[in-house]
Amino acid sequence: MIPEPPGPPTLRRSCLACAKGKRRCDQRWPKCSRCQKRQAACEYANEPLTRESSVDKFRTSGITRARNLPDPRIYPSLSLEIVKGYDPDVIRFLDEGIRNFPVMFAENMKTMFIHPDLFEESSPPAAIREVHALCKLHVTATRADAVSLAPLLRRKSAQLQRQVNHTANFDELLGCIQALLLIQCILILDEDDTEAIPYSETVSTMLVDLAERLWQQAPIQLPNTLSPKRAWLFAESVRRTIIVGYLLRSVYSLKKRNYSVRNPFIDSLPFDVRVSLWDEDSAEVWSGVMSESWNSIMSLHQYSAMMENGQVHGIPPFGALILAACKGKTASDVQYPALSSYYVS
């Protein structure tokens with residue numbers, strides 16, 4: 001009879017005190033219940049498997065047993081956020097760029113993330129029309145008028161935050177979030193004394209939630225009734241609105257706390273490198289663009305790295321904001337290599 005091969009070696013999970021006393025150990029971390037009750041030192045020869053990290057849970061979550069992750073209730077997982085401080089010139093550049101969004105929108109209902117051609121076949125959402133009127137008031141307001149306009153903007157902001165949770169369709173959701181971002185550009189960047197009003201974690205969380213909500217609810221496929229141009233503008237509006245939400249959060253943090261917080265979500269966002277199409281009106285150009293077969297989408301991290309390395313020739317204004325927010329550099333800081341390695345956006 002051939003003996004069965006020995007099983008895999010087992011690791012003692014009980015603490016040393018329970019093992020020595022031959023007592024059952026509940027393997028709690030950092031102290032088991034018995035040692036906690038006896039106020040004794042509790043040491044483990046091997047990291048214990050806690051109740052929340054059982055073998056079944058490791059298997060169902062796709063994590064191998066060998067990792068032996070600690071109990072998240074005791075050791076919460078890392079937020080994977082990157083804290084970065086920037087040069088004052090970069091902060092001023094970002095501040096001016098974001099602050100200019102309401103001004104641009106007041107002039108022609110167009111910004112780097114809102115395009116009027118989306119509304120060619122239907123009227124703009126109510127939120128877009130209302131915020132356009134508010135932006136015009138903001139632009140024409142005197143210093144005294146600005147003080148009286150702030151409460152109106154705060155009320156509208158609160159109304160839009162409630163409305164985001166009860167939109168009838170995605171178009172309405174996109175319009176509400178875009179309008180809300182424009183109002184926040186005025187409210188959180190137009191404070192004369194940035195130290196008078198402390199940093200609000202609520203505002204920061206709201207901006208992140210808006211971006212993530214838009215990403216989660218964005219349609220996977222667009223209707224065939226949309227023209228190639230409107231389909232591209234729609235998808236690009238969604239991508240840019242998400243990016244602007246994070247840009248605004250970054251600028252707000254830089255102004256209030258002198259550092260910015262980023263996470264992998266914003267770095268991994270898809271980005272269309274054909275930035276110049278945002279301002280392109282020629283039907284001939286659009287027909288040629290749609291016939292191209294090459295892939296124009298990359299991650300925001302890849303695009304910002306290309307700009308930083310001088311591989312984008314003629315950095316557009318929206319790209320310059322991304323470069324400053326992601327890399328802490330202005331376009332004038334970029335050192336360009338040989339012309340053969342440029343990418344023309």
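Not measured: the values here are computed from a predicted model.
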Donor-acceptor pair, side chain of T205 and main chain of T202, under 3.5 angstrom
no

Mind checking what makes salt bridge (charged side-chain N to carboxylate O under 4.0 Å, His left out) contact with D117, not counting sequence neighbours?
K229

What pairs with N169 under side-chain contact (heavy atoms from CB on, under 4.5 Å), at least two apart in sequence or on another chain?
D171, E172

Would you find a donor on one side and an acceptor on the other, under 3.5 Å apart, between the side chain of W215 and the backbone of R239?
no

Sequence neighbours excluded, which residues qualify as salt bridge (charged side-chain N to carboxylate O under 4.0 Å, His left out) partners of D279?
K110

For E212 and D209, indicate whether the former's side chain and the latter's backbone hold a donor-acceptor pair under 3.5 Å.
no

Y252 side chain to S200 main-chain N or O, any donor-acceptor pair under 3.5 Å?
yes

Examine distances only and state if a side-chain atom of T241 and a backbone atom of S237 form a donor-acceptor pair shorter than 3.5 Å.
yes

C176 and side chain to side chain contact (heavy atoms under 4.5 Å, CB included): which single residue from V131, T167, L210 fits?
T167

Review item, side-chain donor-acceptor pairs of residues 218-225, under 3.5 Å, at least two apart:
none

I'd like to know if R99 pairs up with E96 as an ion pair, taking the criterion as any Lys NZ or Arg NE/NH1/NH2 lying under 4.0 Å from an Asp or Glu carboxylate oxygen.
no

Is it the case that over 12 heavy atoms from other parts of the model lie below 6.0 angstrom from the CD atom of Q335?
no

Who are the ring pair (Phe, Tyr, Trp, His ring centres under 6.0 Å) partners of F234, not counting sequence neighbours?
F170

Output field: ring centroids Y86/Y259 closer than 6.0 Å
no

Could you tell me whether a side-chain N or O of S253 sits under 3.5 Å from a main-chain N or O of S250, the two making a donor and an acceptor?
no

Keeping the roles fixed (side chain from R34, backbone from R23), state whether a donor-acceptor pair exists under 3.5 Å.
no

Taking the six-membered ring for Trp and the single ring otherwise, decide whether the centroids of F318 and F113 are under 6.0 Å apart.
no

Assess whether side chain to side chain contact (heavy atoms under 4.5 Å, CB included) is satisfied between F105 and C185, documenting all intermediate values.
CA-CA 12 Å; F105 190 69; C185 287; over 6 Å; no

List for me each residue that meets salt bridge (charged side-chain N to carboxylate O under 4.0 Å, His left out) alongside R92, sequence neighbours excluded, and say none if there are none.
D89

